[in-house]
Amino acid sequence: MHDHVVPASQRMAYYSSESLDEVVLRKFTQSDGTVYNVVFRKGGPVDLDDLEQLCAKVGWPPRPSAKVRIALANSFMVGTLTLEAPDPGSPAAPPPRLVGLARATSDGVFNATLWDVAVDPDLQNLGLGKALVETMVRALLRLDITNVTLFADAHTISFYSALGFQPDPQGIKGMFWFVQGRAVDGGGAEEGWGRCTPEQTCCGPGLDQKG
Amino acid sequence: MLPMHNTARDSPDVSYFKSTTHLQADYSSESLDEVVLRKFTQSDGTVYNVVFRKGGPVDLDDLEQLCAKVGWPPRPSAKVRIALANSFMVGTLTLEAPDPGSPAAPPPRLVGLARATSDGVFNATLWDVAVDPDLQNLGLGKALVETMVRALLRLDITNVTLFADAHTISFYSALGFQPDPQGIKGMFWFVQGREVDGGGLKRDGTRRGALSRQSPLE
C-alpha cells in the first residue's frame, strides 16, 4: 500500500490525552483516496515477525526471536508506529503494518536510555522518526524521568540534536565495554549486540573472559 | 576522620589500616552473587573483608550516607528505592568482619555501589558507581566495575555501556571501556538549565530547576 501513499500528510498529533498510550501522528491519503493513519502506541503487543521484518528492512543483523521477546518484555517502554486504516477493526480494512519502533530501558525514576529506534525506509523523511522519538521522550518526561539518554550512530547525531539531544554535555562521554573484534552496533539508531560472546576467547583488557 | 575506637562493635576505622592484602578475587563461583575482593588488616590486627554482593538488600540510610560522602545531591528515598528495585543488577561493596554473623563482629559498612539497567539480553548501562572516599585509590572501584561487567557478560549481555564524567574517562578506559566507538555519541535530552550528573561515577539527581520553557516538547 505504500507505493501509492502521497506524502502530503496532515500532522494530527494530539498530545493532550492523559496517557500517550495511543496517538494518531499522521494521516496519509493514497492516490485512490484511501486514508491511512500512522499511529503511535506504547505498551501494546508487538508482533515479533513484523518486527523482524522491520529490523531487516533497516539493515540490522538478525537477532534470535527468543532474545528479542525478552528484550521487549524487559524494556521499560516500547513504542510502535503502525500504518493502518482509520478504522483498523473494520472487516474491509487492510491489516496494520508495523513501520516504526523505539524502546527504552529505565530505572523508572531517574534515567532512561533509548534503543532500537527504527522507521521503515519506505516512510522515512516524512517526520515519523522525529514524531516517534518526541512521543517517547514526552511519555518519559510525564513520568518525571528527566534524564533521557541514547547512543547515537555518527550519522544520526544531527537527527537527535534537532530533537533536543546533546552529545557529551559537560564532557560526559558515552562508553562501551569493548571486546576486541566485536562489532559495535550502538544504541540510538541501532542496538548493541556483540558478536563476541563470552564463550569465545576474545577478551577486553584487564578482564579474564573465563571469569 | 573518625577517631579510632577500640570496642569490637564499632565500624572499622579505615584510616588505621596498616596493610592490605590484594586478595586474588575468587571468580570461580557460578553466580558471582558474593565475592570477597580484598582483605584489610587494622593496626590492632583485626581483619576486614571487602565483599562484593549483588542481588542482596541495600539499606537505604547507608546508601544515602554513601551518596552524600561522594558528594552527590540528595535524592528522595522513595525514588531511590524504586530505582534500585527497577535496576537489572545492583552490586554493593561492604567492609565487614570475616565472620559478619558473629556477635562480636562490628556492623558491616556499605562502602561501594553500582547498578545497571538492562533489557536482560542485549544492552546494559551502568549508573551510580560510587566508592567511599575513605577507601578510594585502593583498587576497589576497579574491582567493583569489573565484577559487575563480569556478571553481565556471564548472562551473555555483551553491550555494557555507561556515561562517564570527563574526569573518569581514563578510569573506565583502563577497565576496557571505549568512548565513542565508531563515532557513536552518548546524548542527553535537552540539558539546558538542567544539571547533568551523568552515568559513570555520578548519578542523575531529581529534577533541578525547570526544564527550559522553550523546550519543543513542553
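Below, all heavy atoms of this structure are taken into account, side chains as well, without hydrogens, waters or symmetry copies. All chains are named by letter (A, B, ...) in the order of the sequence lines, taking the proteins before the strands, and each is independently numbered beginning at 1.
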*Asks:* So, taking the atom named CD1 in B/Ile184 and the one named CZ in A/Phe176, what distance separates them when rounded to the nearest 0.5 Å?
*Replies:* 4.5 Å
*Asks:* Side chain to side chain contact (heavy atoms under 4.5 Å, CB included) with B/Lys185: which of A/Thr156, A/Leu150, A/Ile157?
*Replies:* A/Ile157
*Asks:* As an exercise, state the distance from CZ of B/Phe177 to CZ of A/Phe178, rounded to the nearest 0.5 Å.
*Replies:* 12.5 Å
*Asks:* To the nearest 0.5 Å, how far apart are OG1 in B/Thr125 and CE in A/Met175?
*Replies:* 13.5 Å
*Asks:* Taking A/Ala154, A/Ala112, A/Gly108 one by one, which has the highest count of heavy-atom pairs under 4.5 Å against chain B?
*Replies:* A/Ala154
*Asks:* Should A/Val109 and B/Arg75 count as side-chain neighbours, where that means a heavy-atom distance under 4.5 Å?
*Replies:* no
*Asks:* Just by modelled atom types, is the A/Leu163 backbone N or O under 3.5 Å from a matching donor or acceptor in the B/Trp189 side chain?
*Replies:* yes
*Asks:* Side chain, backbone, both or neither: which part of A/Ser161 has a non-hydrogen atom closer than 4.5 Å to chain B?
*Replies:* both
*Asks:* Is A/Thr105 in contact with chain B via its backbone, its side chain, both, or neither, using a 4.5 Å heavy-atom distance?
*Replies:* side chain
